[in-house]
Structures are given as C-alpha cells and as structure tokens.
K.L.:
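Quick one: the structure is below, and I'll ask about it shortly.
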Amino acid sequence: MKADPAPQPRIVILASGNGSNLQALISASQERDFPGKIVAVGCNRPQAFALERAAQANIETFVVDHTKYDTRDDFDRALMVEILRHNPDLIVLAGFMRILTTDFVRAFRGKLLNVHPSLLPKYTGLNTHQRALDAGDAIHGTSIHFVTEELDGGPVIAQAEVQIKPGDTAETLAERVQAKEHLLYPIVVRWLCEGRVQLGSDFVLFDGELLKTPSRLPDN
Ligand code: GRF
C-alpha cells in the first residue's frame with residue numbers, strides 16, 4: 001500500500017492593501033512542485049484589493065477590521081482567533097500595515113514572516129525609500145525576516161538589493177524594490193515550507209547551519 005503523502009504546510013497570508021506580494025505568492029503556490037498551501041488570506045481593511053486577488057484564486061478570506069476594536073489587544077485577539085481557525089504552519093505578512101502586540105508575536109514565534117522595504121537593520125519603520133534617498137545611499141533593497149517583539153527587528157533570512165539611480169524618486173524606487181520582493185518572498189516561503197529555515201533564539205538556521213549573514217540577491 002502506498003503511504004499517504006505528507007500534508008503540505010498550511011499558509012495564512014495577511015495583507016492590508018494592493019496585495020502585489022500576495023499575488024506573487026499565489027502564483028508561486030500554483031506551481032506544481034510548490035511545497036505549501038495558502039489556506040486563507042486575512043485583511044484588516046474590508047476594501048483591500050488583496051481580498052479580490054484571493055477570491056480570484058479561490059482562496060478563503062477573512063476580514064478583521066481594526067477600526068471596529070477599541071484596543072490593539074482586542075484587535076490582535078480577534079485576528080488570532082481567525083488565524084487559528086485555519087491551523088497554520090506559517091503566517092506571512094505581505095504588506096500588512098498593523099503593528100502586532102507582543103502576545104500575538106509570541107504566539108506565532110518562528111512561524112511569522114514579514115517583508116520590509118529596506119536593507120535591515122537600516123530604516124525600520126515607514127518611508128524607507130525616501131530615507132534611503134535622503135541619506136544618499138547607493139544601494140537600497142528589501143528584507144524578509146522573522147517577526148519578533150522588536151518592530152522590524154527580527155532575524156533577517158534574505159535580502160534583495162536595488163541600485164539607486166540618478167533621478168530616482170521614492171516612487172520609482174518603490175517600484176523596483178517591489179519587483180524584487182515578488183521574486184524573493186516566494187523563494188523564502190518555499191524554504192520555510194521545506195523546513196530549510198528555522199528561527200533560533202535570535203538567529204536563523206539555514207539547512208541546520210547558523211546563517212551568519214542573510215542571503216543576498218544582488219541587483220543586476
Ligand atoms: C511592500 O513593498 C512591502 O515591503 C511593504 O508594503 C508593501 C506592500 O505592497 N511592507 P503590496 O500590498 O504587496 O503590493
């Protein structure tokens with residue numbers, strides 16, 4: 001008798017807006033050999049285009065509208081309930097624009113990923129593209145990291161570089177950074193689903209070895 005195939009890791013994706021990273025992940029997950037399954041997409045904004053993208057791909061959606069909750073704790077608890085209903089192995093923040101509470105982050109430790117549009121540890125927080133321009137940086141980029149209690153401070157798994165060109169604006173830069181995110185995020189999610197990447201105390205294990213510096217995709 002043939003053994004049942006191992007169940008695929010279950011992925012829940014959270015987004016707040018356009019969802020272009022979500023789209024890249026949906027497309028990757030539709031490849032025959034993709035080692036995970038996107039079981040639900042959650043949004044904090046009922047009008048987010050990300051919800052339409054998920055519906056188009058026949059993926060279940062849920063909305064936890066942050067404006068309906070008095071406190072961050074209440075919102076996070078409601079969000080956690082929705083997420084747990086899907087019994088996820090991995091929770092992927094893809095342009096999810098809410099700061100999560102310590103309790104939430106702890107509950108999903110090692111299973112929670114985020115994409116941040118800078119070469120961390122540079123430029124945590126907002127307006128990263130303008131800040132890179134103002135600083136006169138030659139290289140900017142994006143980072144995929146584990147989420148921990150420290151905002152945009154969890155161990156970084158991989159980064160993609162973007163060269164800053166003369167005449168770049170925050171908008172032109174954002175466009176090129178996003179194009180890199182669409183390449184990089186599916187690769188990293190694949191690694192997680194394959195069990196190649198794990199979170200240690202404050203470090204990343206890659207194929208069982210300490211990852212001394214994040215994997216870096218150069219711009220070319
Ligand atoms: C991405 O650039 C990501 O780095 C940032 O928010 C943006 C989301 O874009 N956190 P989208 O919704 O995936 O199109």
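Counting convention: from 1, in listed order, for ligands and their atoms alike.
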K.L.:
So which residues, sorted by chain and number, lie with a heavy atom under 4.0 Å of ligand 1?
P.N.:
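Those residues closer than 4.0 Å to ligand 1 by some heavy atom are Asn18, Gly19, Ser20, Asn21, Gly95, Val115, Pro117, Gln178, Glu181.
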
K.L.:
List, by chain and then residue number, the residues other than Phe104 in its hydrophobic cluster (Ile/Leu/Val/Met/Phe/Trp/Tyr, side-chain heavy atoms under 4.5 Å); write none if there are no others.
P.N.:
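Val12, Leu14, Val39, Phe62, Val64, Tyr69, Phe75, Leu79, Met80, Ile83, Leu84, Ile91, Leu93, Phe96, Leu100, Val105, Phe108, Leu112, Val147, which link up through side-chain heavy atoms under 4.5 Å apart, make up the rest of the cluster.
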
K.L.:
Evaluate the side-chain proximity of Ser29 to Lys37: yes if any heavy-atom separation is below 4.5 Å, no if none is.
P.N.:
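No, their side chains stay 4.5 Å or more apart.
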
K.L.:
Counting C-beta onward and ignoring hydrogens, is there a side-chain heavy-atom pair between Leu192 and Phe146 closer than 4.5 Å?
P.N.:
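The answer is yes, as the side chains (C-beta and beyond) meet within the 4.5 Å cut-off.
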
K.L.:
Without swapping roles, check the side chain of Thr142 against the backbone of Ser118 for a donor-acceptor pair under 3.5 Å.
P.N.:
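Here the side-chain-to-backbone pair does not exist.
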
K.L.:
Indicate yes or no for a side-chain donor-acceptor contact from Arg10 to the backbone of His86 under 3.5 Å, with no hydrogens or angles considered.
P.N.:
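A pair under 3.5 Å: yes.
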
K.L.:
Between Arg72 (side chain) and Arg98 (backbone), is there a donor-acceptor pair under 3.5 Å?
P.N.:
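No, Arg72 side chain to Arg98 backbone: no donor-acceptor pair under 3.5 Å.
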
